[in-house]
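Numbers here are sequence positions counted from 1. Excluded from the calculations below are hydrogen atoms, water molecules and symmetry mates; all remaining heavy atoms, backbone and side chain alike, are included.
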Amino acid sequence: GEECHDCDKVLAWVKSKNIEVTIIDVDQPGDHKPPFAVFARPALFRGDDLLAYGSDIVDYFQRMNA
């Protein structure tokens, strides 16, 4: 997203670990939208559940041994 402080760092980490996720850029018209409005980005969802956001996404995957 345009105003996302952790997006580049988190995305680079996820890609470096070959973690399969669907990336949705909420700033791109026509792209999918999250299940509800999020004010902190990036955000990690599974279905409609918010699992983590910001740099906590890296911590979440590390705890899951991804």
Side-chain angles (χ1 to χ4, degrees):
E2 295 173 8
E3 295 184 27
C4 181
H5 303 289
D6 291 325
C7 286
D8 290 339
K9 179 177 85 170
V10 170
L11 184 57
W13 186 89
V14 167
K15 286 182 177 182
S16 76
K17 300 296 183 183
N18 295 316
I19 298 172
E20 292 187 34
V21 295
T22 300
I23 306 296
I24 298 171
D25 185 343
V26 296
D27 294 323
Q28 294 300 315
D31 211 344
H32 295 1
K33 299 295 179 197
F36 53 85
V38 292
F39 300 100
R41 299 185 210 167
L44 177 65
F45 287 90
R46 178 181 294 134
D48 290 343
D49 297 327
L50 176 63
L51 302 177
Y53 60 87
S55 60
D56 288 342
I57 293 171
V58 172
D59 295 334
Y60 171 84
F61 282 118
Q62 287 175 330
R63 285 192 314 270
M64 302 306 287
N65 295 316

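Remark: V58 pairs with V10, W13, Q62 by the side chain to side chain contact (heavy atoms under 4.5 Å, CB included) rule, at least two apart or across chains. For the ring-ring contact (aromatic ring centres under 6.0 Å, His included) test, no residue two or more places apart in sequence or in another chain qualifies with F39.
Of all the heavy atoms in Q28 and K33, the pair that sits closest is O-NZ, 4.1 Å. In plain terms, the two heavy atoms of G47 and P35 that are nearest each other are O-CG, 3.6 Å.
Sorted by first and then second residue, the side chain to side chain donor-acceptor pair (under 3.5 Å) pairs with a member in residues 43-58 read R46-Y60; sequence neighbours excluded.
I24 and V38 fall into different hydrophobic clusters, where Ile, Leu, Val, Met, Phe, Trp and Tyr residues are linked whenever their side-chain heavy atoms come under 4.5 Å apart, directly or through other members. The hydrophobic clustering, which links ILVMFWY residues whose side-chain heavy atoms are closer than 4.5 Å, places I57 and L50 apart. Hydrophobic cluster membership is shared by V14 and M64, with clusters built from Ile, Leu, Val, Met, Phe, Trp and Tyr side chains linked at under 4.5 angstrom.
Under the 4.5 Å side-chain criterion, counting only non-hydrogen atoms from C-beta, F61 is in contact with L44.
Distance NZ/K15 to CG/L11: 4.5 Å, rounded to 0.5 Å.
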